[in-house]
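Data block below; observations after.
The first residue of the sequence shown is numbered 1, and numbering continues consecutively from there.
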Amino acid sequence: MLRALGRQDEALAKILVLLRDKQWRIRAQLRSAELYIDRADAANARRILDEIQPKSVAERKERRLLRGRLELILQRPERAIGVFEALLKRPEGATHATLIAALFGIADAHLQLKTPEAGDDVLERFIDRHPADPDLPVLFAKLDELYRAERKASRSELEKWVRNPEEPRRAFARWHLAHLEVRAGHRDRARQLLSDLRHIEVKSPAFAPALLEFAQLELEDRHFDEAIAILDDVRVLHPEAQLLDQINLLSAQAQYLAKHFEVATAAFEQIGHSTSPWAKLALFNASTGWLQLGDHARFLADYNALEKQGGDEESRASLRLEEGLMQAAKGDKKATESLQQFIRDFPKNPRVSEAWVGLAELAFHSTPSRFDEARKNLVRAANSSPTTAAAERADYLMIWIEDSADVNETKVIELANRFLQQHAASSFAAEVRMKLAEIYYRRQDFANAQTQFEILAQQNPDGPRGEKALFFAAESAMSSMGKHSLEQAIVLFDQVAQLNGDLKWAARNEQAVIERKVGKPEDALLLYDEVLKGAAGTSEKQEALCGKGDIFFEMGGSDSNNYQRAIEVYDQLASDKNEAIHWRNQALFKKGLCLEKNGDRAGALATFYKVLEDDLRPDRRRELFWYYKAGFNAARLLEDDSKWESAAAIYQKLAASSGTRSEEAKARLSRLRLEHFLWAD
C-alpha cells in the first residue's frame with residue numbers, strides 16, 4: 001500500500017523488518033529487491049537477489065524476472081531480453097503477473113534499444129493468442145506506448161482484431177486504433193471507432209477512459225452537447241473515484257464552453273469544495289463562471305476559498321484580471337478601476353500587458369473615443385513583455401485605431417498585412433482580412449481586393465461571411481473591366497448563387513450585367529427571368545425587371561418591336577406606386593424614351609410629366625436623379641415643339657429643387673427667356 005502511494009522509503013522500511021522472519025523471508029526479499037529496482041538502486045537489488053534461496057518454481061521464476069529488470073536499470077537491454085524470453089519460453093510454474101511483467105520487460109528493453117517495432121511483435125503475438133486475458137487493458141496501453149515510439153506504426157493487427165468478434169479484445173483494439181487515427185490526423189475515423197465502442201454490449205469500467213477520451217475529442221472539435229452526452233454514458237459504467245472526478249470536471253468544462261454557465265458553475269463548485277485533486281482548478285473555474293453570470297459576491301466567495309486552499313498567486317492574479325476583462329466586455333463602469341487595481345496589485349505578473357490592452361480598448365470604445373490614451377496604453381503593454389494574447393489583441397486594436405482616425409489608409413493596410421502574417425490563426429484574422437479587402441476596394445486596387453476576398457471565402461466556406469467575401473471578390477473582378485476579369489467574375493458570381501444564401505439573387509443580377517457588357521443579351525435575359533421566377537426579394541426583382549427592360553430598349557435599334565416589349569416591362573416596374581420611388585421614376589423615364597423612339601412624342605411627354613407630378617407627393621422621399629432626367633427631357637421636347645413657356649415652367653420647377661442640377665436648370669431658363677422674350681411674365 002505504501003508503495004502504491006509512492007512512499008517507497010517507508011515501504012522498504014516495513015519490508016526489511018520481515019527479512020529476519022523465516023516464514024516471510026523469501027517473499028520479503030523479492031519485494032525489497034523490487035523496491036530497490038524501482039529506485040534504480042542496482043547494488044542493493046543485486047545483493048538481495050544473490051541472497052535469495054527460492055523454494056518454489058514460482059519464486060525462482062520471479063527472481064529471474066527481477067534479474068531481467070536489474071539488467072534494464074543497468075542499461076543492458078540485450079541481456080534483459082534474453083532473461084525475459086527464457087522465462088516466456090518455459091512459463092510453467094510462473095504466475096500470470098510474472099509473465100505479464102516479462103512481456104513488459106521485453107517492451108521496455110526494445111524502447112531502450114530504439115527498436116519498438118520488434119517489441120510490439122511480442123505483445124501482439126500474446127494478445128492474438130489470449131483475446132480475453134484479464135490484463136488486456138495494461139497490455140494494450142503498453143502496446144500503444146510502443147506504437148507512439150515508432151516512426152510509422154503498423155495498424156494491421158489492430159485492424160484485424162477490430163474485424164474479429166472476440167471480446168473484449170475487439171473493443172480494446174477499437175480504442176487503440178482510434179489513438180493511431182488521431183495521431184495521423186484522421187479525427188473522423190477515430191470518432192467513428194470510439195462511437196462504435198460507445199455502443200458495444202459489453203459495459204465495463206475498463207472502457208471508461210476510452211469514452212473520456214472520446215468526449216475530449218468532441219470537446220476539442222466544439223461538439224459540446226455530444227461531449228456532455230458521452231460523459232453521461234461514462235458515469236453509468238461506475239468508474240473509479242479519481243476517474244469520476246475527471247469526468248465531472250470535463251463535463252463542467254463542456255457546459256461552460258456551451259455557455260450553460262449556471263450548470264457549469266454549480267458543477268465546478270461541487271468539485272471545488274470536495275477532496276478531489278482538481279478542487280483548486282474547479283474553484284478557479286467556478287469563480288470565472290460567477291463572473292460570466294455577473295454574481296460578484298459569489299465570485300469573491302470562491303476566490304477567497306481558493307486563496308484559503310493555498311491557490312497560487314498566478315491563479316488569483318488570473319481571476320482578478322478576468323474580472324476586469326469581463327467587466328470591460330459587458331460595458332461595466334467598474335472595468336477601468338478593476339484593471340488598474342490588477343496592475344497595482346500584481347505589477348510583475350506576466351499578464352499585466354493584457355490589462356494595459358484592456359484599458360486601451362476601453363479608451364478606444366469610449367464616447368468620444370480617446371485615441372491618444374488608447375495609444376499610450378498600447379505602448380505600456382508593449383513595454384511589459386506582452387503575452388501572446390496581449391500582442392495579438394494590441395495589434396488588432398491598433399488597426400481599428402488608425403482606421404477610425406481616418407488619416408492614412410496606407411498605414412492601416414500595413415498594419416492589417418502585418419497582423420495576418422504574425423497572427424494567421426487568430427480568431428480576429430477574418431475580420432482583419434475583410435477590413436483589408438474593403439480598403440483595397442475603396443482605393444480601386446481591385447486586384448488586391450479580389451485576392452483578399454477570395455482568401456477569406458476559402459477560409460470561411462460556410463456561412464454568410466464566406467458568401468459575402470465571395471460576392472465581393474466577384475465585384476472586384478467585375479470592376480477590373482478586363483475581358484478575363486469579367487469571365488472570372490461570372491464564375492465567382494455563379495459560385496455565390498450555388499451557395500443558395502442571401503446573396504444568390506444579387507449574384508444572378510450581377511451576372512446578367514456582365515453578360516450585357518460582353519454582348520450576350522439573350523444570356524442576360526435568361527438570368528433576369530431566373531430572378532423574377534425565383535424566391536428573390538423585392539429589390540432584386542425590381543433590379544431584374546429594370547435590367548430586362550433595358551435589354552429590350554437596347555435591342556430596339558435593330559427591331560422596333562423591342563421598344564414595346566421594354567415599355568411593358570417598365571410598366572410592370574412602375575405599377576406599384578408604394579415601392580421605392582427611384583425604381584418607379586427610372587421606369588417611367590425609360591418608358592418615355594421608348595415612346596419617343598417609337599415616334600409617340602406626346603406619350604413620351606406625358607410619361608415624363610408623371611415623374612414630375614409624383615415628386616409633389618408629401619409621403620414620398622424625394623428622388624432627384626431620374627426626376628432631373630425626366631424634367632430636362634420633357635423640356636427638350638417642348639422646346640422642339642416651340643412651346644417656350646411650358647419649357648420655361650419646367651426649368652423653373654427644376655431650378656427650385658435645390659439639387660445637383662438646379663444651377664443647370666437656372667441657366668437654361670435664363671437662356672430661354674433671353675432668346676424668346678419671356679421676361680414680361
Side-chain angles (χ1 to χ4, degrees), residues 2-16 19 26-54 57-91 93-127 135-154 157 176 179-180 183:
L2 289 166
R3 181 186 175 199
L5 290 169
R7 294 156 62 179
Q8 293 178 334
D9 290 343
E10 294 175 66
L12 188 59
K14 293 287 184 186
I15 287 292
L16 292 177
L19 293 179
I26 296 173
R27 291 176 64 184
Q29 285 175 320
L30 290 168
R31 295 287 74 74
S32 59
E34 191 173 19
L35 283 164
Y36 282 129
I37 290 170
D38 288 345
R39 298 170 60 185
D41 186 344
N44 278 315
R46 180 185 288 112
R47 175 180 57 79
I48 293 290
L49 289 173
D50 288 343
E51 292 175 357
I52 297 176
Q53 295 180 358
V57 174
E59 289 170 349
R60 286 199 298 274
K61 299 286 186 182
E62 188 170 357
R63 183 179 65 172
R64 179 171 293 176
L65 171 73
L66 293 173
R67 288 197 182 279
R69 290 189 58 196
L70 178 60
E71 296 295 345
L72 277 179
I73 67 171
L74 290 171
Q75 299 296 308
R76 298 195 293 234
E78 293 91 346
R79 290 191 183 182
I81 290 172
V83 173
F84 295 134
E85 286 182 342
L87 189 57
L88 291 171
K89 283 178 183 177
R90 298 182 181 83
T95 65
H96 186 265
T98 297
L99 296 176
I100 296 299
L103 287 169
F104 277 35
I106 292 175
D108 290 335
H110 280 292
L111 286 171
Q112 276 191 22
L113 289 167
K114 301 190 185 310
T115 55
E117 298 84 358
D120 70 31
D121 290 342
V122 178
L123 287 178
E124 286 171 349
R125 281 196 298 272
F126 184 87
I127 294 171
D135 283 318
L136 279 183
V138 291
L139 286 165
F140 269 96
K142 179 58 75 172
L143 186 58
D144 191 62
E145 184 182 348
L146 290 162
Y147 287 154
R148 285 200 306 271
E150 295 174 22
R151 183 168 298 176
K152 189 176 181 181
S154 171
E157 289 299 313
H176 291 278
H179 284 174
L180 290 185
R183 290 198 285 271

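- Taking every heavy atom of both residues into account, G119 and L146 meet most closely at C-CD1, 3.7 Å.
- Summarising the geometry of F84 relative to R69, their closest heavy-atom pair is CZ-N, 3.6 Å, with the distance given to 0.1 Å.
- To the nearest 0.5 angstrom, E71 atom CD is 11.5 Å from I81 atom CD1.
- With rounding to the nearest 0.5 angstrom, the CD1 atom of I127 is 10.5 Å from the CG atom of D135.
- If you take CD on Q8 and CG on L35, they are separated by 6.5 Å, rounding to the nearest 0.5 Å.
- Residues A33 and I48 approach most closely at CB-CG2, 3.8 Å, considering heavy atoms.
- At most 12 heavy atoms of other shown residues, nucleotides or ligands fall within 6.0 angstrom of atom CZ in R90.
- Between F104 and L139 there is a side-chain heavy-atom pair separated by less than 4.5 Å.
- Contact annotation: the side chain of Y36 never approaches that of L70 to less than 4.5 Å [non-hydrogen atoms, C-beta and beyond].
- Q29 pairs with exactly one of Q53, E34, E51 by the side chain to side chain contact (heavy atoms under 4.5 Å, CB included) rule, that one being E51.
- Taking both residues in full, the closest heavy atoms of P54 and I26 are given as CA-CD1, 4.2 Å, listed atom of the first, atom of the second, then distance.
- Contact annotation: the side chain of D121 approaches that of E124 to within less than 4.5 Å [non-hydrogen atoms, C-beta and beyond].
- Rounding to the nearest 0.5 Å places CZ of R63 at 7.0 Å from CD1 of I52.
- When every heavy atom of K142 is checked against every heavy atom of D108, the shortest pair comes out as NZ-OD1, 2.8 Å.
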Requested in this report: Please step through side-chain contact (heavy atoms from CB on, under 4.5 Å) for the pair R39 and L12, ending with a clear verdict.
Outcome: CA-CA 10 Å; R39 298 170 60 185; L12 188 59; 3.0 Å; yes
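- Heavy atoms of other residues, nucleotides or ligands lying less than 6.0 angstrom from CZ of R27 number 12 at most.
- The closest side-chain heavy-atom distance from T95 to K61 is not below 4.5 Å.
- Expressed to the nearest 0.5 Å, how far CD of E85 lies from CG of L87 amounts to 11.0 Å.
- Put simply, CZ on R46 and CG on N44 are 10.5 Å apart, with the number rounded to the nearest 0.5 Å.
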**Report entry** Test log, rule side-chain contact (heavy atoms from CB on, under 4.5 Å), inputs E157 and D120
**Finding:** CA-CA 10 Å; E157 289 299 313; D120 70 31; over 6 Å; no
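- Closest approach of A94 and L99 over heavy atoms only: CB-CD2, 4.0 Å.
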Requested in this report: For the pair D38 and R31, evaluate salt bridge (charged side-chain N to carboxylate O under 4.0 Å, His left out) and give the outcome as yes or no after the intermediate values.
Outcome: CA-CA 10 Å; D38 288 345; R31 295 287 74 74; over 6 Å; no
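- Between F126 and H96, the ring planes lie tilted relative to each other; the angle falls in the 30° to 60° range.
- Between R183 and D144 there is a side-chain heavy-atom pair separated by less than 4.5 Å.
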